[in-house]
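I have placed the structure first, in the form of structure tokens, so that the comments after it can refer back to it.
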Amino acid sequence: MLSAVLWVLFLVCFPFAASQQIWDLWQTTWDRSKLFTSLKPSSPINFVQPGPAGEADIVVDERSQYQTMLGFGASLTDSSAHVLGNLKTRYPSNYWSVLNTVFNPSPSSDGAGLSYIRIPVGASDFSAGAYSLNDNAGDEFMIRFDMNRVPPYTFAVLRDMMGINSLLKFHLNPWSPPAWMKTNMTMNGGSLQERYIPAYARYLLKAVQGFRTRGVPVYAISTTFQNEPQNSNPTYPTCLMSPDLEARIVLNLRDLLDSNGLGNVKIVGYEHNWDHATSYPVNLVDESGGALSGIAFHCYAGSVKNQELFHSTRPNHDIYFTECSGTYGSDWWSDIKWYMDNLWVGSVERFARTGLMWNIALDGSGNPKYPGTDSCGGPGCRPLVTVNNDGSYTFNQEFYAMAQASKAILPQDAGGPFGQRIGTTVKGGKGWALRVSGFVTGRTSQKDWFRYSLVVLNWNDGGSNGWSPSPVKTTINFRGMQATYTFPVGVTTLWWYAPG
């Protein structure tokens with residue numbers, strides 16, 4: 001109550017000093033005339049006394065506060081690290097340009113500041129061949145566990161990424177246990193033999209310790225559950241796993257992490273699609289007790305709405321969104337709309353703390369990948385950035401959509417917090433044309449004003465009624481004041497500052 005009274009007195013005594021202004025905008029438009037482009041208006045967009053509402057009317061409700069974001073990003077697969085490592089060797093200036101654009105976290109830079117990276121443990125469908133970090137049959141106590149099985153270019157690229165972005169969090173995730181632990185004695189398909197649950201937990205502990213020894217600060221591990229525990233595709237490393245079996249691994253690993261000074265490492269479960277959000281992950285949470293930090297979802301089946309159903313049943317467990325991939329040949333603008341609607345607005349408004357795509361970098365055919373795999377089908381998986389043999393590169397729609405969201409949640413200060421989602425509603429005759437997420441970012445000094453950010457998709461392109469992209473004149477309501485901005489068809493990120 002006191003803070004509200006003080007705020008009113010501040011407005012009365014210092015009306016001009018208290019007014020907010022929008023100076024910072026980033027934009028990607030449907031026609032690609034702007035691609036994550038920084039816009040500096042010639043004069044600020046002022047919050048003023050309210051007038052008539054626009055065609056759409058965004059109401060920012062900072063009192064409704066939800067999850068604090070951990071970051072957006074993608075996976076550094078063996079293939080991505082290989083492609084980037086080759087780029088560094090042959091065309092180093094292009095390599096550093098790519099890494100700066102993707103990872104630079106400074107609010108004033110041209111970088112997207114991607115800050116959450118998933119790393120496969122052992123082979124995935126984007127590796128040169130099958131391997132684990134211990135292929136020595138029967139070595140249940142991991143005496144011959146070997147971090148040197150990880151391709152050396154992976155650590156070289158990771159070090160370069162960390163040199164650009166000190167905010168990076170790393171999330172380990174295997175695709176399969178070592179072949180000798182499985183029912184079919186191969187990395188591809190099959191399931192874990194129950195007698196190897198303790199050995200597999202030790203394997204995962206060694207992975208966390210090994211990456212940390214190499215200078216990679218592991219934030220979380222999904223390795224108890226495999227990537228996609230209901231997927232037994234025989235053309236690349238996979239492993240079937242039931243919620244009961246997964247929960248037993250979770251409990252074993254939690255004990256090992258805690259007893260080895262790694263109690264701060266999160267354990268994340270499920271790592272699969274939205275379609276079974278109210279069954280497998282709910283059972284897993286219940287059988288894992290308090291050992292599980294949260295549940296990770298992928299986009300390949302079901303509806304993002306199921307994330308909210310999971311949250312409503314188990315609200316004390318975090319939600320991570322950790323994988324989605326486009327394929328070459330799809331429509332650029334249609335993809336942008338889908339990603340924003342379902343992932344970078346849709347998944348976030350349904351409590352996801354992270355937002356990740358699949359590969360960071362591949363070539364123009366979605367290669368290199370695991371020999372014989374049918375992953376992504378004929379067209380090939382499309383990464384955030386396509387790197388060509390001649391050293392040229394192209395940022396894809398996956399990058400541009402994600403960059404717009406990432407920019408909105410990055411810390412404003414060194415050592416400061418990431419953005420926290422706040423309430424937004426969209427009203428008006430064309431309210432349907434906008435999809436909106438809102439965030440508040442705190443500051444390290446009590447003297448500094450908080451940053452308030454909006455990520456806005458305008459998808460008013462005519463759709464089935466015929467192609468007719470139309471901007472939407474929009475009013476933004478915040479603390480009883482109003483700003484006006486006309487959003488072009490595309491994605492816009494903007495922010496302003498106000499006392500906390």
Side-chain angles (χ1 to χ4, degrees), residues 1-27 39-69 107-108 345 348-349 404-405 407-413 416-431 433-458 472-487 491-500:
M1 182 66 184
L2 179 60
S3 62
V5 172
L6 292 173
W7 171 245
V8 171
L9 290 172
F10 186 77
L11 286 175
V12 171
C13 298
F14 305 101
F16 298 106
S19 65
Q20 288 82 53
Q21 298 179 321
I22 298 171
W23 276 103
D24 298 288
L25 298 95
W26 297 81
Q27 205 160 78
L39 305 179
K40 295 293 185 183
S42 56
S43 58
I45 303 165
N46 292 305
F47 282 86
V48 298
Q49 291 297 323
E55 297 173 295
D57 188 40
I58 300 171
V59 178
V60 179
D61 178 12
E62 62 180 316
R63 293 168 296 180
S64 297
Q65 297 185 350
Y66 305 98
Q67 77 275 22
T68 297
M69 301 301 293
S108 60
V345 175
V348 170
E349 73 184 2
Q404 293 284 159
K407 200 71 175 178
I409 59 98
L410 293 171
Q412 182 64 29
D413 309 306
F418 277 75
Q420 181 179 15
R421 182 170 70 93
I422 56 176
T424 57
T425 55
V426 187
K427 305 175 181 179
K430 288 191 176 177
L434 304 185
R435 293 282 281 123
V436 181
S437 282
F439 305 93
V440 58
T441 304
R443 307 299 298 274
T444 56
S445 170
Q446 293 183 347
K447 298 183 298 181
D448 292 329
W449 287 14
F450 285 12
R451 189 185 70 210
Y452 291 85
S453 308
L454 296 179
V455 181
V456 180
L457 165 69
N458 173 8
V472 176
K473 185 177 182 181
T474 304
T475 42
I476 303 168
N477 293 280
F478 176 74
R479 293 184 180 175
M481 306 292 279
Q482 183 186 78
T484 301
Y485 184 73
T486 298
F487 289 98
V491 188
T492 301
T493 302
L494 55 80
W495 61 60
W496 64 93
Y497 300 88

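Bear in mind that the values here come from a model prediction, so they are computed numbers and not experimental data. In this chain, numbering begins with 1 at the start of the sequence shown.
Although no hydrogens or angles enter the test, the distance criterion places no donor-acceptor pair under 3.5 Å between the side chain of E349 and the main chain of R421.
Every residue two or more places apart in sequence or in another chain was checked for a ring pair (Phe, Tyr, Trp, His ring centres under 6.0 Å) with F439, and none qualifies. Every side-chain contact (heavy atoms from CB on, under 4.5 Å) that S445 has, sequence neighbours left out, goes to K447, D448. Every residue two or more places apart in sequence or in another chain was checked for a side-chain hydrogen bond (donor to acceptor under 3.5 Å, both in side chains) with T484, and none qualifies. By the ring pair (Phe, Tyr, Trp, His ring centres under 6.0 Å) test, F450 pairs with no residue at all, sequence neighbours left out. Legend: residues meeting side-chain contact (heavy atoms from CB on, under 4.5 Å) with A405, ordered by chain and number and at least two apart, are F72, W344. Every residue meeting the salt bridge (Lys or Arg N to Asp or Glu O under 4.0 Å) condition with D24, not counting sequence neighbours, appears here in chain and number order: K40. Partners of R443 by side-chain hydrogen bond (donor to acceptor under 3.5 Å, both in side chains), not counting sequence neighbours, listed by chain and number: D413. Residues meeting the side-chain hydrogen bond (donor to acceptor under 3.5 Å, both in side chains) test with T492, sequence neighbours left out: Q27. By the side-chain hydrogen bond (donor to acceptor under 3.5 Å, both in side chains) test, T441 is found to be paired with R451, residues two or more places apart in sequence or in another chain being considered.
Summarising the geometry, atom OG1 belonging to T475 is positioned 8.0 Å from atom CD1 belonging to I58; distances are rounded to the nearest 0.5 Å. Considering CE of M69 and CG of L410, their distance stands at 10.5 Å, rounded to 0.5 Å. Interatomic distance, OG1 of T68 versus CZ of F418, reported as 10.5 Å (0.5 Å rounding). Residue W23 holds its CH2 atom at 9.5 Å from CD1 of I45, rounded to the nearest 0.5 Å. In this structure, CD1 in I422 is found 11.5 Å from CD in Q67, a value given to the nearest 0.5 Å.
Between V345 and R435, the shortest heavy-atom distance links the atoms CG1-NH1, 3.6 Å. Among all heavy-atom pairs drawn from P411 and P107, the shortest one is O-CG, 3.7 Å. Of all heavy-atom pairs spanning L454 and G438, the tightest one is CD2-CA, 3.9 Å. Closest heavy-atom contact between S437 and V348: OG-CG1, 4.5 Å. Taking every heavy atom of both residues into account, N458 and F487 meet most closely at ND2-O, 2.9 Å.
Inter-residue side-chain proximity for P499 and Q20 is flagged as met; some heavy-atom pair is nearer than 4.5 Å.
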Show me the donor-acceptor pairs, under 3.5 Å and distance only, between side chains in residues 46-56 and residues at least two apart or in other chains.
from: N46; atom 1: OD1; to: Q21; atom 2: NE2; distance (Å): 2.8
from: E55; atom 1: OE1; to: K473; atom 2: N; distance (Å): 2.7
from: E55; atom 1: OE2; to: K430; atom 2: NZ; distance (Å): 3.4

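A side chain to side chain donor-acceptor pair (under 3.5 Å) with D57 is found for exactly one of T474, N477, T425, namely N477.
Aromatic ring orientation, W496 versus Y452: parallel (interplanar angle below 30°, classes split at 30° and 60°).
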side-chain contact (heavy atoms from CB on, under 4.5 Å) between V440 and E62, worked out: CA-CA 8 Å; V440 58; E62 62 180 316; 5.8 Å; no

side-chain contact (heavy atoms from CB on, under 4.5 Å) between I22 and W495, intermediate numbers included: CA-CA 6 Å; I22 298 171; W495 61 60; over 6 Å; no

